[in-house]
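Everything on this sheet refers to the single structure shown next.
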Amino acid sequence: PAIAEHWRGKGIRPFAIGATLAAVLLAPQLWYWHFSTGKWLLFTYGAKGESFDFAKPMLGAVLFSHQNGWFTYAPLLFAPWCISLVQALRGDRAAQTVMLVWALLLFTYASWWAWWLGGAYGFRGFIEISAWFSPPMAWGVDRIRKWPRSARGAMASVTVFFLLLNLRMTSLYEGPWDGPDWTWSRLVDVWREALWIN
């Protein structure tokens with residue numbers, strides 16, 4: 001209701017100005033595509049035979065696979081993700097927005113033919129939105145500060161372990177860590193090397 005009331009008060013003029021500015025900004029790209037290919041709109045990946053399969057999204061693989069799974073390579077994000085999910089289920093509008101956008105991105109990436117997004121270290125598709133999980137992480141750290149000393153120590157140890165593992169794996173990275181030759185066994189070998197177990 002508030003949005004509709006806002007638009008009734010402002011009229012169509014701001015919308016028309018915004019649409020015109022958007023068209024002006026988009027026009028050079030459209031012109032370039034038309035000049036280069038003869039088409040006003042061009043899906044370059046489609047020209048290479050790459051596409052989405054929305055009927056078979058690889059949701060679990062994007063999150064937990066050895067092929068750049070988000071939580072496999074960034075396990076510290078699991079806790080703030082869980083906090084965001086709980087907050088969203090409790091009706092927190094900000095958390096609901098974050099989780100909705102995250103879920104839409106997850107579905108889109110998981111439907112892409114190369115859902116692992118190539119030979120990167122970890123799931124690069126969520127890099128930009130990882131910052132969205134900073135507030136729940138800070139909230140979680142604040143809550144942990146109220147735990148008994150032994151529980152705080154255990155959580156600190158787990159956190160330091162995952163941080164060191166991540167830093168070591170980053171230093172050992174020799175891409176690409178993907179494709180048929182990149183298996184769970186090879187990932188475990190890298191973990192062992194990162195932890196000086198070999």
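What you see below is based on every heavy atom in this structure, not just the backbone, and it leaves out hydrogens, waters and symmetry mates.
Connectivity analysis of hydrophobic side chains (ILVMFWY, heavy atoms under 4.5 Å, direct or indirect) links Leu21 to Ile17.
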Step by step, would you call Phe123 with Tyr109 a ring pair (Phe, Tyr, Trp, His ring centres under 6.0 Å)? CA-CA 10 Å; Phe123 196 75; Tyr109 286 129; 5.5 Å; yes
Do Leu117 and Val62 pass the side chain to side chain contact (heavy atoms under 4.5 Å, CB included) test, and can you show the C-alpha distance, the side-chain angles, and the key distance before you say yes or no? CA-CA 9 Å; Leu117 301 181; Val62 167; over 6 Å; no
Does the pair Asp53 and Trp115 meet the rule for a side chain to side chain contact (heavy atoms under 4.5 Å, CB included), with working shown? CA-CA 10 Å; Asp53 185 354; Trp115 52 264; over 6 Å; no
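Linking Ile, Leu, Val, Met, Phe, Trp and Tyr whenever their side-chain heavy atoms come within less than 4.5 Å puts Leu89 and Trp102 in one cluster. Note on Leu195 and Val188: same hydrophobic cluster, where clusters join Ile, Leu, Val, Met, Phe, Trp and Tyr whose side-chain heavy atoms are under 4.5 Å apart, directly or indirectly. Residues Trp177 and Trp191 share a hydrophobic cluster, clusters being chains of Ile/Leu/Val/Met/Phe/Trp/Tyr side chains in contact below 4.5 Å. Cluster membership check: Phe64 shares its hydrophobic cluster with Leu85, using side-chain heavy-atom separations under 4.5 Å among Ile, Leu, Val, Met, Phe, Trp and Tyr. Cluster membership for Val86 and Phe71, using ILVMFWY side-chain heavy atoms within less than 4.5 angstrom, is not shared.
With rounding to the nearest 0.5 Å, the separation of CG in Leu105 from CG in Leu100 is 9.5 Å. Interatomic distance, Ser130 OG to Leu76 CG, rounded to the nearest 0.5 Å: 11.5 Å.
For the pair Gln96/Met99, no side-chain contact is recorded, criterion being any heavy-atom separation below 4.5 Å from C-beta on. Taking the side chain as every heavy atom from C-beta outward, Phe126 and Leu77 never approach each other to under 4.5 Å. Considering only heavy atoms from C-beta on, Leu187 comes within 4.5 Å of Thr72 through its side chain. The shortest distance between side-chain heavy atoms of Trp196 and Arg168 falls below 4.5 Å.
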Enumerate, atom names and distances included, each donor-acceptor pair closer than 3.5 Å involving a side-chain atom of residues 132-141, sequence neighbours excluded.
residue	atom	partner	partner atom	Å
Ser134	OG	Ala131	O	3.1

Taking only distance into account, with no hydrogens and no angle test, what donor-acceptor pairs under 3.5 Å do side-chain atoms of residues 26-38 form with protein atoms, sequence neighbours excluded?
residue	atom	partner	partner atom	Å
Ser36	OG	Tyr32	O	3.0
Thr37	OG1	Trp33	O	2.7
Thr37	OG1	Lys39	N	3.2

Side-chain donor/acceptor pairs under 3.5 Å, residues 160-167, sequence neighbours excluded:
residue	atom	partner	partner atom	Å
Asn166	ND2	Tyr73	O	3.1
Asn166	ND2	Tyr121	OH	3.4

With a cut-off of 3.5 Å and sequence neighbours excluded, list every side-chain donor-acceptor pair involving residues 142-151.
residue	atom	partner	partner atom	Å
Asp142	OD1	Arg145	NH1	3.0

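Applying the side-chain hydrogen bond (donor to acceptor under 3.5 Å, both in side chains) test to residues at least two apart or on different chains, the pairs with a partner in residues 61-70 are His66-Trp184.
Note on ring orientation: taking the six-membered ring where Trp is involved, the planes of Trp113 and Trp116 are perpendicular (angle over 60°, cut-offs 30° and 60°).
Tyr173 and Pro176 get closest at one heavy-atom pair: OH-CA, 3.8 Å. Closest heavy-atom contact between Ala95 and Ser84: CB-O, 3.6 Å. Minimum heavy-atom separation, Leu172 to Val190: CD1-O, 4.1 Å.
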